[in-house]
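First comes the structure, then the notes that go with it.
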Amino acid sequence: MDHKKLAELLFPDIDKTPEDYEKIYPERDLAEGSVVTRLAPSPTGYIHLGNLYGAMVDERLAHQGGGVCYLRIEDTDEKREVEGAVPVLLDTLSYFGIEFDEGACKAGTPGSEPVPSEEGAAQRGAYGPYWQSMRSSIYKACVKKLVAEGKAYPCFMTEEEIADIRAAQTAAKLDPGIYGQYAKHRDLTLEEVERRLAEGQEYVVRFRSEGDPSRYFKVRDAIRGEISMPENIQDVVILKKNDLPTYHFAHVVDDHFMRTDIVVRGEEWMASLPIHEQLFKAMGWEIPLYCHNTSLMKIDEATGQKRKLSKRKDPELGLSFYKELGYFPEAVREYLMTILCSDFEQWRMANPDTDYNEFNFSPDKMSDSGTLFDINKLNDVSKDVLARKSAAQIYDFMLGWAEEFDKDKYALLKENKDMLLKVFDIDRGGEKPRKDLVYAQQIFAFIKYFFDETFEYESEWPAEVSEEDRAEILRRYIEGYDPSDDNSAWFEKVRGITADLGYAVKPKDYKKNPDAYKGHVGHVSGVIRIAITGRANSPDLWTVQQIMGTEMVRKRIEKAIEA
RNA sequence: GGCCCCAUGGUCAAGAGGUUAAGACAUCGCCCUUUCACGGCGGUAACCCGGGUUCAAUUCCCGGUGGGGUCACCA
């Protein structure tokens, strides 16, 4: 069999060789210690926490050492493609603080050229194109070389034939797949190939595996250290009928010619390492450093079992979930860092105000077992993040969020800027700031009593106070209310009412001697608090009233007396 | 089923051949306090099992078990 002739027959119009591309895409000239990483999503229009998790690793690895992080679009499967996915992807990643130096970018980015296939998107950089669908001739040059060397061959088997083989293998408890004797078109003669081609038969190109499963190879992984696996024996498809490569081959070719140093990807790819190792070797290329990170898991309510988060079942996996609830992007990032990197949380405690980019990120500190997603922990991290923000930052963020997701609230926020700045400033700054703000939707619910439009009674009146006493407390309270009182003068008046009506001024007295009083000052001020805020819990009432203004205070008290 | 990865409190996790086995979240109690939040103090709670190696294994090795992943012309 003349392999060179076969290669010519299959790819008559491919005139470049891999060697030519070596020159077109030379080794990068980077400072010592800098690395090239990449994010390589398929444009399905769906971005999830796991993508962000990986993207953060790519971004940190590259940027903390002055390296390059680029974005490559893996669009070799037109079935999965979603129109407009790339600009959305870029926007979302940017929202969460991930920016790329090279590759796919937004249309209009300086130094970029438009991409015809994708509206709103463009690309830049010397190692492109960055859409795999535009790189067909590069892949084919590499396939042609493999065919010419007898390492790959055309396979004309139909889907039915393959299904039959698989069925027989499964029945016989053999490993399924096209390998060894099942690779029926491995050794077709040139004439046979010519004949089938002339008949218009379609084909794929398969790699001719010389692997021996009793032989093991070793690959280094940045997280797990050395991984040892048996050699691959499958004649995997490297070029599909649509003239584009499979993931396996595209990965090898692109990460080689784009000069990627570290391949960060999900651990689900570890199983195909034997294929990749084999392909790199066949091409005569150096294998990159892999960084297989773990999946985010959750406990399935139905089964009680730990399982990988799934985009169909778990809305909390989608990044849009956090955006819609109004989590600060920084909070999501901090949370991811704390579960991603075992030493981040300690570092953060020691450096509460330092930019997280100052943290020294190291892959060997990354988790190597599947991490259970914990919304509790996210919320806790978020509270700390928001506690560090200024009232103006909170306000601006809320406004931006409401503009996109809740127009009614947007109007309210917009009209009451001065008041809200004061609201968000309650107990902010200082040594022990309040930590009750978590995400926009929750924050709005938390402050809703500042608006008549959203005020409602959410708590029960204290059981210790009778209805008559309640009305009496409120009447006396509003009679004596003077907004110019300072906090202690104001509270003295509340104490006065408390004592007059037979309640204990000191809660301890009541606790010691419950029969001597109807209740204590906490119950009396509880009545006032519910009247003003609609709930039993709130920040310091005096402060709240100062912010609300006298008119609103009066209206609330009157409303409560009527109730 | 084959292959691979993983295994420390409920969760995230540090850790070394000999430790009272960190810390954070959650939880419980107390303190502060007119409520909440913050803060402080304290409590409950863990090395999957069985063999080996060793004076000594939770730590190293082997084997189970459990969980996860993967076996496409999808990535």
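Below, chain A is the first sequence line, B the second, and so on; all start at residue 1.
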Whole Å only: how far is the [atom1] atom of [X] from the [atom2] atom of [N]?
{"X": "A/Leu541", "N": "B/U34", "atom1": "CG", "atom2": "P", "value": "13 Å"}
{"X": "A/Asn293", "N": "B/G68", "atom1": "CG", "atom2": "C1'", "value": "14 Å"}
{"X": "A/Lys377", "N": "B/C12", "atom1": "NZ", "atom2": "C1'", "value": "6 Å"}
{"X": "A/Arg348", "N": "B/A14", "atom1": "CZ", "atom2": "C1'", "value": "19 Å"}
{"X": "A/Glu231", "N": "B/C4", "atom1": "CD", "atom2": "C1'", "value": "16 Å"}
{"X": "A/Glu431", "N": "B/G40", "atom1": "CD", "atom2": "P", "value": "11 Å"}
{"X": "A/Asp380", "N": "B/A13", "atom1": "CG", "atom2": "P", "value": "16 Å"}
{"X": "A/Asp374", "N": "B/U27", "atom1": "CG", "atom2": "C1'", "value": "13 Å"}

Complement of [N], any strand, by Watson-Crick or G-U distances under 3.5 angstrom:
{"N": "B/C60", "answer": "B/G52"}
{"N": "B/G66", "answer": "B/C6"}
{"N": "B/G29", "answer": "B/C41"}

Within less than 4.0 Å of OP1 or OP2 of [N], is there a side-chain N or O belonging to [X]?
{"X": "A/Lys435", "N": "B/G39", "answer": "yes"}
{"X": "A/Thr246", "N": "B/C74", "answer": "no"}
{"X": "A/Lys508", "N": "B/C32", "answer": "yes"}
{"X": "A/Thr44", "N": "B/A75", "answer": "no"}
{"X": "A/Lys432", "N": "B/G40", "answer": "no"}
{"X": "A/Lys511", "N": "B/U34", "answer": "no"}
{"X": "A/Arg428", "N": "B/C38", "answer": "no"}

Looking at the side chain of A/Arg166, which of B/C71, B/U11, B/U70 is the nearest nucleotide?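 Closest of the options to the side chain of A/Arg166: B/C71.
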
Going by the rule side chain to side chain contact (heavy atoms under 4.5 Å, CB included), which residues pair with A/Ala183 if we only count those two or more places apart in sequence or in a different chain?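 Partners of A/Ala183 under the side chain to side chain contact (heavy atoms under 4.5 Å, CB included) test: A/Tyr153, A/Ile178, A/Arg186, A/Asp235.
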
Looking at [N], does its base get a donor-acceptor pair with the side chain of [X] below 3.5 Å?
{"X": "A/Arg80", "N": "B/C74", "result": "yes"}
{"X": "A/Arg535", "N": "B/U35", "result": "no"}
{"X": "A/Arg224", "N": "B/C6", "result": "no"}

With rounding to whole Å, what would you report as the distance between B/U11 and B/A46 at their C1' atoms?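 The same atom, C1', in both gives a distance of 12 Å.
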
Whole-angstrom distance between B/A57 and B/G1, as gauged at atom C1':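 My reading of the C1' atoms in B/A57 and B/G1 gives 35 Å.
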
Between [X] and [Y], is the ring centroid distance below 6.0 Å?
{"X": "A/Phe359", "Y": "A/Tyr356", "value": "no"}
{"X": "A/His48", "Y": "A/Tyr53", "value": "no"}
{"X": "A/Phe249", "Y": "A/Tyr139", "value": "no"}

Side-chain polar contacts of residues 236-243 of chain A - donor-acceptor pairs under 3.5 angstrom, sequence neighbours left out - could you list them?
| from | atom 1 | to | atom 2 | distance (Å) |
| --- | --- | --- | --- | --- |
| A/Lys240 | NZ | A/Thr76 | O | 2.9 |
| A/Asn242 | OD1 | A/Leu244 | N | 2.9 |
| A/Asn242 | ND2 | A/Thr76 | O | 3.2 |
| A/Asn242 | ND2 | A/Glu78 | OE2 | 2.9 |
| A/Asp243 | OD2 | A/Lys140 | NZ | 2.5 |

Which comes earlier along RNA chain B counting from the 5' end, the contact point of A/Asp175 or that of A/Thr294, where each point is its nearest nucleotide?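 So the residue in question is A/Asp175.
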
Quick check on RNA chain B: between A/Met270 and A/Trp542, whose nearest nucleotide comes earlier from the 5' end?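 Residue closer to the 5' terminus by nearest nucleotide: A/Met270.
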
Under 6.0 Å from the six-membered ring centre of A/Tyr449 and within 45° of its axis: does the NZ or CZ of A/Arg535 meet both?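 Geometry flag: not set, cation outside 6.0 Å or 45°.
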
Using a 5.5 Å cut-off between ring centres and planes within 30 degrees, is A/Tyr247 stacked on the base of B/C74?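 Here A/Tyr247 fails the 5.5 Å or the 30° condition.
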
